[in-house]
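In what follows, a single structure is set out as structure tokens and then discussed.
Heavy atoms only: backbone and side chains are in, while hydrogens, waters and symmetry mates are out.
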Amino acid sequence: MTGTWLPYNTLVVAAGVAAVGLAAGVVGSFTLLRKRPLVGDAAAHATLAGVAGAFLVSGRRDLPMLLAGALAAAVAGLAALVLIRRFTKTRDDAATALVVGVGFGAGIVLVSGITARGIPDGAGLETFLLGHTAALTAADATLLAAVSIAAVAVVLLILKEATLVAFDAEFAAATGWPVTLIDLVLVTLVAVMVVVGLPAAGAVLVTALVVIPPLAARQWTERVTTMLVLAGGFGLTAAVAGVAVTSRVPGLATGPVVVLAAAAIFAVSLVFAPRRGLLARRQEARRGRAAEEHRP
Amino acid sequence: MIPEFHLWAMATAAAVAASCATVGTLLVVRRMSLVGDAIAHALLPGIAVAVLAGGRPGGVLVFVAAVAASLATVGLTHWLRSAGGIAEDAGLGVVFTTFFALGVVLVSAAARRIDLDPACVLYGILELVPFDTVAILGREIPRGFLSAVAVLAAVAIGLAATWKFQVFTAFDADAARAAGVPVAAVTTGLLAATAVATVSGFEVAGAILVVAMLVAPAAAAELLVRRLSLVMLVAVLLGVTAAVVGYLLAWRWNTNAAGMIAVVLGAEYLAAVVFAADDGLVARGLRQGAFAWRVACEDRLAAVWRGVEKASGGVQASVGGRDAGVGGGQAEAARGVPLPLPRGLLDRAALLWLRASGRLHVIAGRAWLSDVGRREAEVVVRSHRLWEAWLGRHAELPLDHLHPPAEWVEHHLGAAMRQRIEAEVGLREADPHGRDIPPE
Amino acid sequence: MPPDAPLLEFHDVSVAYGGRPEIWNVDLTIDRACLFGIIGPNGAGKSTLLKAALGLVPLVGGSVRFHGEPIDRVRRDVGYVPQRETVDWDFPVTVMDVVLMGTYARLGWFRRPGSREQTLARESLARVGLADLATRQIGRLSGGQQQRVFLARALAQDAGIYLLDEPMAGVDAASQEQIFAVLTELRAADKLVVVVHHDLRTAAAWFDRVALIDRRLVAAGPTAAVLTPDNLRRTYAGEIDLLQEVGQAIAARGRTE
């Protein structure tokens, strides 16, 4: 398997990115269940500014440093959303679009400024826009995998608490659970996954990794645990597909391929899933009509 | 003197900003900001296909493809919801990321064959717009500028033609539908206008920053004015200002113009949040401070009044008392009551002001009220006791629970309300505790 | 816990939403186990009163005590049945999953429900007559069945005091009777059952004691004594307009007309 067909490095990178895809699916399942699927979008578009900022401040280009900056920016973007909701009458959808546009603008200003000034090592920050796994080292991939596995572990640890809060936050609060804290943990996990997903999908498209696999998974099951497993699997598949394709086609950004793979899985789920799928629904409707007609 | 090409670039950006702010106002008011976000992303494959099929960037084919793509986005999202049970937000998320990914792949694959610069997609090429010109009446006019102005004109005309419908639908789509307004057509028109404005913004700002131009000016304007027409006007002003200022700053600091325009838009929004006349943070702080001040002054006055009442055994201080003025001296002081202790810094400041404005006199720790002070105190005490009487009549509350609620309501009753309460509790002269209610 | 503290006591409770008072100075004491109804018109703040007791909305004044203790110390002993609309019934959980949620608080952080919790959940389901629907996804239930699931969840909390928010709203008559039967059992087992209820007719038949609420307490006590024409007029006749105006003035930090 290794050697001539796929170099070892690519395999390690694929494994790392696979872990990212899996974790993104798992974490994203809870934002979907909590009915806030696009909360990661604001965080994601803000990360660019964080990446550029980290580079400017530290002068270093290594992935951990850049991702640390991305995380700070993602958290800032989410904080901005919270503050806007708390202190203004601007509604949530406008606030999200605002943070997306302005945050991304700040990122572009920084990246473009760096490139224009010809700062050494400054070129190539644009790869964070659409993802570029070909440049990942094995060490980078290991870091991404470790963070992803930790995120999944946290979710599994608070599985019942998170499910309760997503299903009935009022009852959770009434029975003494700290709903705000649990929400905060989940949102932080989303921010972390968005950041960790940057190499795989880029700032613009990483939100798809968190949104599409869970949506596809939901089609197949009525149990939360099954949904998590499926979402993780779908996310993993999409991520690996992205790595595999772009390692063979140089110059192609990884993000779009990952998204298209996830979308394909979603399309299949939409049509063919039992009970919730389109075909199943049509059969159900037809059966219902037939029963109506045969009624005396 | 600014070189001409900069002026053209700014003019183009301003025209685009105006179109986007106009359309964006309706999107924001109708809570369709995310739809605008989605459309901006989803246009990409439409544009790529149009250009691959031989259309020129900014040409008619591209606009048609853009409108088609935007309607497809929204239509697909609705279909996902109705046929597949997929929630609207999540559906939007799937559709626009997928479309955008498709567009990027198309653009990358065709990058060598056609003129579409991949970078244009994400952050525009405003700086290059002035150099693609057409000759009109002997002058070289940038094609992008002409296109932007044409779009602005189209949007303005379309809006003017459907203004009443757009406003009605924006405020209450259900009522509009019931009243016979073709809501579906109105919404479709809005989406088409969004697509057109967004395409126009593509060259200037790219797919994502166009979202800032759509939403930020309207979000800021909403905080500043109320009427929809004014909101739109202010949004356009904010957008155009940001376009010019952003461009100049980007020139000065040698960075991307579109990104800087988005940042300036964000700064405008922040300024609106802080400084808006009604809802701004500063205004709110001032209102809260003014209220706390009024409460402190009223509380001090009422405390002295109650002290006088208690000291004179429940009988009112005589109405004919003169202002002690400067020459009051010891005789007046003997008539005063011990100054009730202030509870904090605000109370102390209130006391100072009450004395300075002649409402309260304090000599040697004994206090009494001037005529003005007494009248104001009586308004507060009257409100307090009327409220106690009203509560006593309408709520099951023991006697000792009437005072605390009256303590905070007393500051909120106006003259007409006091009359209403008096009429209801029946022109009594004493509150539930048996104390006199001062007359109006 | 003071030995003779009342089961549930509202002391001068005021609640405000966004600066505007919703409930004014409610004084209410319930000192014995019974079926207690909270009755009033729409928007009167009945649900708000319940949520204030549970600490779900902040108090602007006053306090609520269970057995003399604040809610945070006795949550284990207070069962809650919220309104059905608060939940998305398309959520991927089964009836059993939902009822098990009533045992989570006792389990604490990180632990999974075990056989003890499973047994308790099954018993609760049996008491509300849903034992054979344990594995069904909750979206496939009727309104009455959904309400009984919520009730079973509260029963699984194994509490001494139960607070129910409009449990009969939108529920078919048969399910209503079934729910009422369970509540009667609870009362017989010496539990306090407080129910926010909207229907005057059934209120007169079902509850031992009631409180009439219209943003403030109009009257409270044994049902027959409280549900008099005069009291009902005072509750339902809309004298609250004045309260609403004053409330708005307070929210705007200004004066009324």
Determine the option with the most heavy-atom pairs under 4.5 angstrom with chain A, choosing from B:Thr98, B:Val210, B:Ile261.
-> B:Thr98
Check the surroundings of atom CZ in B:Arg287: do more than 12 heavy atoms from other residues, nucleotides or ligands lie under 6.0 Å from it?
-> yes
A:Phe266 versus chain B, heavy atoms under 4.5 Å apart: side chain, backbone, both or neither?
-> side chain
Chain B: which of A:Val249, A:Val271, A:Val204, A:Thr31 shares the most heavy-atom pairs with it under 4.5 Å?
-> A:Val204
Please check if the side chain of A:Arg218 supplies one atom and the backbone of B:Ile86 the other of a donor-acceptor pair under 3.5 Å.
-> no
Given a strict heavy-atom distance threshold of 4.5 Å, which part of B:Ala216 is in contact with chain A: side chain, backbone, both, or neither?
-> both
Of the listed residues (B:Gly84, B:Gly266, B:Gly93, B:Ala40), which shares the most heavy-atom pairs with chain A below a 4.5 Å separation?
-> B:Gly84
Is it the backbone or the side chain of A:Asp92 that comes under 4.5 Å from a heavy atom of chain B, or both, or neither?
-> neither
B:Leu122 and A:Leu130: side-chain contact (heavy atoms from CB on, under 4.5 Å), yes or no, with the steps?
-> CA-CA 10 Å; B:Leu122 286 177; A:Leu130 291 173; 4.3 Å; yes
Taking B:Thr255 for the side chain and A:Val109 for the main chain, is one N or O donor matched with an acceptor at less than 3.5 Å?
-> yes
CG of B:Asp37 to OG1 of A:Thr96, rounded to nearest 0.5 Å, is 8.5 Å
Of the non-hydrogen atoms in B:Ala262 and A:Gly101, which two are nearest, and what is the gap between them?
-> CB-O, 3.9 Å
Is the backbone N or O of B:Asn254 less than 3.5 Å from a side-chain atom of A:Arg117, with the two atoms forming a donor-acceptor pair by type?
-> yes
Atom group of B:Ala90 that falls short of 4.5 Å from chain A, counting heavy atoms | both
If you tally heavy-atom pairs under 4.5 Å against chain B, which of A:Leu110, A:Leu32, A:Ile84 wins?
-> A:Ile84
Is there a side-chain contact between B:Tyr123 and A:Leu129 (heavy atoms, below 4.5 Å)?
-> yes
Pair up each side-chain donor or acceptor in residues 251-262 of chain A with any protein partner under 3.5 Å, not counting sequence neighbours, and list the distances.
| unit_1 | atom_1 | unit_2 | atom_2 | d |
| --- | --- | --- | --- | --- |
| A:Thr254 | OG1 | A:Thr133 | N | 2.9 |
| A:Thr254 | OG1 | A:Thr133 | OG1 | 3.4 |

For chain A, the option from B:Leu281, B:Val28, B:Ile208 that forms the most heavy-atom pairs under 4.5 Å = B:Ile208
Residues B:Tyr269, A:Val102; criterion side-chain contact (heavy atoms from CB on, under 4.5 Å); working and verdict | CA-CA 10 Å; B:Tyr269 175 77; A:Val102 173; over 6 Å; no
Region of B:Val94 in contact with chain A, defined by heavy-atom distances below 4.5 Å | both
Among A:Asp41, A:Leu278, A:Thr207, residue most engaged with chain B (heavy-atom pairs, under 4.5 Å) = A:Leu278
Result of checking B:Leu92, B:Leu27, B:Leu34 against A:Asp93 for side-chain contact (heavy atoms from CB on, under 4.5 Å) = B:Leu34
side-chain contact (heavy atoms from CB on, under 4.5 Å) evaluation trace for B:Asp279 with A:Thr88 | CA-CA 8 Å; B:Asp279 286 322; A:Thr88 75; over 6 Å; no
Taking B:Val105, B:Leu265, B:Leu102 one by one, which has the highest count of heavy-atom pairs under 4.5 Å against chain A?
-> B:Leu102
With a 4.5 Å heavy-atom cut-off (strictly below), which parts of residues 244-252 of chain B touch chain A? List them by number.
-> none
When every non-hydrogen atom of A:Pro37 is compared with those of B:Asp89, the smallest separation belongs to CG-CB, 3.7 Å
With only heavy atoms counted, which part of B:Leu80 is less than 4.5 Å from chain A, the side chain, the backbone, both or neither?
-> side chain
Flag the one option from B:Arg284, B:His41, B:Met213 with the top tally of heavy-atom pairs under 4.5 Å to chain A.
-> B:Arg284
